[in-house]
Participant: 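Supplied in structure tokens, the structure appears directly below.
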Amino acid sequence: METLFQTDTLVFRPITLADKELITSFTYHSEYQNCDFAFANMCSWRFLYNSEFAVKDDFLFIRFFTDQGSHPVYMCPVGKGRADIRHAIRLLEQEAVSHDHKLWILGITNRGKEEFEAAFPDGFKFLPERDYFDYIYLREDLVGLTGKKYQPKRNHINKFKKNYSYTYLSITPELVPHCLELEHTWYKANHTEEDEEDLSHERRSLTYALTHFEELGLTGGALCVENEIVAFSFGSPINYNTFGIHVEKADIRFDGAYSMINREFAARLPEQYIYLNREEDLGIPGLRQAKQSYQPLLLLEKYTAIKK
């Protein structure tokens, strides 16, 4: 194992709305497609993970805490230009040691895994986290829905069009209260004792995102039937060619609403976003089945890297 040398310390501070421009100056131009790097996710989930960031030596570092805030873990450092990943990892290792912990880095993709192995041969143990793999789709696939594999989706959309006269609306501050009303309806219909805590966290994140929609740089759309919002979706760019779909909610009493908002929202995204990241399934069987039914281009594998 390579000996840790003393170097300057990283100074972390909480992620706030005011940090969007600085953080995205790293993430938007990177090749990382994982949903963890969407600024809107970092900011709207900070209440749960105490997420913080530091910038040093042309790298962005993200730190958050697990085990009731006692264990610091990190995301893969994001560098600019020819920034030295070896130096970045050494900085993180020194930071972890200062908390009396081994260095744990979460959400490492195969790209990051290769970089780590090249920088520190046999220096890390990599543990796959299947429940946190991201589902990546071609935007044009979710818009066109062509071919036999998408026939069930086209059937749902055709049924929705036949049964309802609908309008597609972009989410604006004026529409936010109506989206929150739908979320409340969805929550009452879907929550159970087993998942109440997780859904409560999701509600808090979603409410924060909707009430800070413009500041977070979010884009969203909704379906309106007879002056009622029956589905909505929103997301934000992860990098220059990948858009993250952070939330999608629909009233299941309107058959086909999920399929319809999925396609309508994707169809209105800028063409620069070749890929859509619909995030993880968290090991939830129904969610996994739903995400697989859209025939992902790839499952973006993610690992926990532990320094040996």
Side-chain angles (χ1 to χ4, degrees), residues 1-15 19 23-24 26-27 29-39 41-43 45-46 48-80 82-134 238-239 242 244 277 279-280 282 299-308:
M1 182 177 73
E2 190 162 337
T3 303
L4 178 71
F5 67 86
Q6 199 69 17
T7 183
D8 293 339
T9 57
L10 295 171
V11 179
F12 285 91
R13 58 187 177 89
I15 295 173
D19 302 310
I23 289 175
T24 57
F26 286 87
T27 57
H29 302 289
S30 80
E31 297 297 327
Y32 293 117
Q33 295 178 292
N34 30 330
C35 64
D36 318 276
F37 285 115
F39 175 77
N41 277 342
M42 295 182 196
C43 212
W45 285 95
R46 192 178 71 80
L48 186 61
Y49 301 111
N50 296 315
S51 307
E52 301 173 324
F53 82 104
V55 172
K56 186 174 179 61
D57 299 335
D58 291 325
F59 272 98
L60 169 71
F61 302 89
I62 304 293
R63 178 178 74 181
F64 53 99
F65 293 86
T66 60
D67 296 336
Q68 288 75 49
S70 64
H71 188 180
V73 292
Y74 309 88
M75 288 168 56
C76 184
V78 182
K80 288 184 176 180
R82 299 176 63 84
D84 183 4
I85 189 67
R86 289 172 59 86
H87 176 59
I89 293 173
R90 286 171 174 148
L91 286 172
L92 282 184
E93 186 173 12
Q94 179 179 337
E95 156 68 18
V97 168
S98 73
H99 292 275
D100 297 320
H101 283 286
K102 283 186 176 181
L103 175 60
W104 285 43
I105 305 178
L106 273 59
I108 300 294
T109 63
N110 283 324
R111 176 185 293 274
K113 186 169 177 279
E114 291 172 2
E115 292 178 349
F116 279 34
E117 289 176 328
F120 294 91
D122 198 35
F124 282 89
K125 176 170 63 175
F126 295 93
L127 305 177
E129 302 282 357
R130 172 62 183 87
D131 292 350
Y132 297 97
F133 287 7
D134 287 357
I238 296 173
N239 68 6
T242 305
N277 182 329
E279 303 194 350
E280 311 128 331
L282 305 177
L299 277 177
L300 186 66
E301 298 178 8
K302 292 193 284 189
Y303 302 83
T304 295
I306 303 174
K307 190 72 164 63
K308 294 181 180 179

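Since the structure is predicted, the reported quantities are computational estimates derived from the model, not experimental observations. Both backbone and side-chain heavy atoms feed into the values below; hydrogens, waters and symmetry mates do not.
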Participant: Can you tell me how far the OG1 atom of Thr24 sits from the CG atom of Asp19, to the nearest 0.5 Å?
Facilitator: 10.0 Å
Participant: Which heavy-atom pair separates Ile108 from Lys113 by the least distance, and what is that distance?
Facilitator: CG2-N, 3.4 Å
Participant: Quick one: CG on Asp134 to SG on Cys35, what's the gap to the nearest 0.5 Å?
Facilitator: 4.0 Å
Participant: Between Phe12 and Ile62, which heavy-atom pair has the shortest distance, and what is it?
Facilitator: CE2-C, 4.1 Å
Participant: May I ask you to test the Arg63-Glu52 pair for a side-chain heavy-atom distance under 4.5 Å?
Facilitator: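 With C-beta onward as the side chain, the pair touches.
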Participant: Quick check: do Leu106 and Tyr132 have side-chain heavy atoms less than 4.5 Å from each other?
Facilitator: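 No; the side chains remain at least 4.5 Å from each other.
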Participant: Name all residues meeting the side chain to side chain contact (heavy atoms under 4.5 Å, CB included) criterion together with Arg46; count only those two or more places apart in sequence or in a different chain, and write none if there are none.
Facilitator: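 Partners of Arg46 by the side chain to side chain contact (heavy atoms under 4.5 Å, CB included) criterion, ordered by chain and then number, come out as Pro14, Ile15, Ser51.
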Participant: Using the side chain to side chain contact (heavy atoms under 4.5 Å, CB included) criterion, which residues pair with His29? Sequence neighbours excluded.
Facilitator: none
Participant: Apply side chain to side chain contact (heavy atoms under 4.5 Å, CB included) to Glu31 and list each qualifying residue two or more places apart in sequence or on a separate chain.
Facilitator: Arg111, Tyr240
Participant: Between Leu300 and Gln33, which heavy-atom pair has the shortest distance, and what is it?
Facilitator: CD2-C, 3.9 Å
Participant: For Lys102 and His71, work out which heavy atoms get closest and say how close.
Facilitator: O-NE2, 4.3 Å
Participant: Look at the side chain of Asn50 and the backbone N and O of Phe65, then say whether any donor-acceptor pair between them is shorter than 3.5 Å.
Facilitator: no
Participant: If you count every heavy atom of other residues, nucleotides or ligands that lies below 6.0 Å from Lys80 atom NZ, does the total exceed 12?
Facilitator: yes
Participant: I would like to know whether Leu91 and Phe59 meet side chain to side chain contact (heavy atoms under 4.5 Å, CB included); could you show each step before the answer?
Facilitator: CA-CA 10 Å; Leu91 286 172; Phe59 272 98; over 6 Å; no
Participant: Tell me every residue that passes side chain to side chain donor-acceptor pair (under 3.5 Å) with Asp36, counting only those two or more places apart in sequence or in another chain.
Facilitator: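 For Asp36 the side chain to side chain donor-acceptor pair (under 3.5 Å) partners, ignoring immediate neighbours, are Asn34, Lys302.
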Participant: Considering residues at least two apart in sequence or located in another chain, which fulfil the salt bridge (Lys or Arg N to Asp or Glu O under 4.0 Å) criterion with Asp131?
Facilitator: Arg288
Participant: Between Ile238 and Ala38, what is the shortest heavy-atom contact and its length?
Facilitator: CG1-CB, 4.0 Å
Participant: Nearest 0.5 Å please: distance from the OG1 atom of Thr304 over to the CD1 atom of Ile306.
Facilitator: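 One gets 6.5 Å once the value is rounded to the nearest 0.5 Å.
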Participant: Check whether any side-chain heavy atom of Leu10 sits under 4.5 Å from a side-chain heavy atom of Leu92, and report yes or no.
Facilitator: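 Yes, close enough: below the 4.5 Å cut-off.
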Participant: State, with a plain yes or no, whether a side-chain heavy atom of Leu48 is found less than 4.5 Å away from one of Phe64.
Facilitator: no
Participant: Got a list of side-chain donor-acceptor pairs under 3.5 Å for residues 115-128, not counting sequence neighbours?
Facilitator:
| from | atom 1 | to | atom 2 | distance (Å) |
| --- | --- | --- | --- | --- |
| Glu115 | OE1 | Tyr32 | OH | 3.0 |
| Asp122 | OD1 | Lys308 | NZ | 2.6 |

Participant: Between the main-chain N or O of Gly79 and the side-chain N or O of Asp58, is there a donor-acceptor pair closer than 3.5 Å?
Facilitator: no
Participant: If you measure from NE2 on His99 to CD on Gln94, what distance do you get to the nearest 0.5 Å?
Facilitator: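 One finds 11.0 Å between NE2 of His99 and CD of Gln94.
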Participant: Determine the minimum heavy-atom distance between Met75 and Met42, stating which atoms define it.
Facilitator: CE-CE, 4.4 Å
Participant: Anything under 30° is parallel, anything over 60° is perpendicular, the rest tilted; go ahead and classify Phe133 against Tyr303.
Facilitator: tilted
Participant: Side-chain contact test, heavy atoms from C-beta onward, threshold under 4.5 Å: evaluate it for Tyr74 versus Phe61 and give yes or no.
Facilitator: no
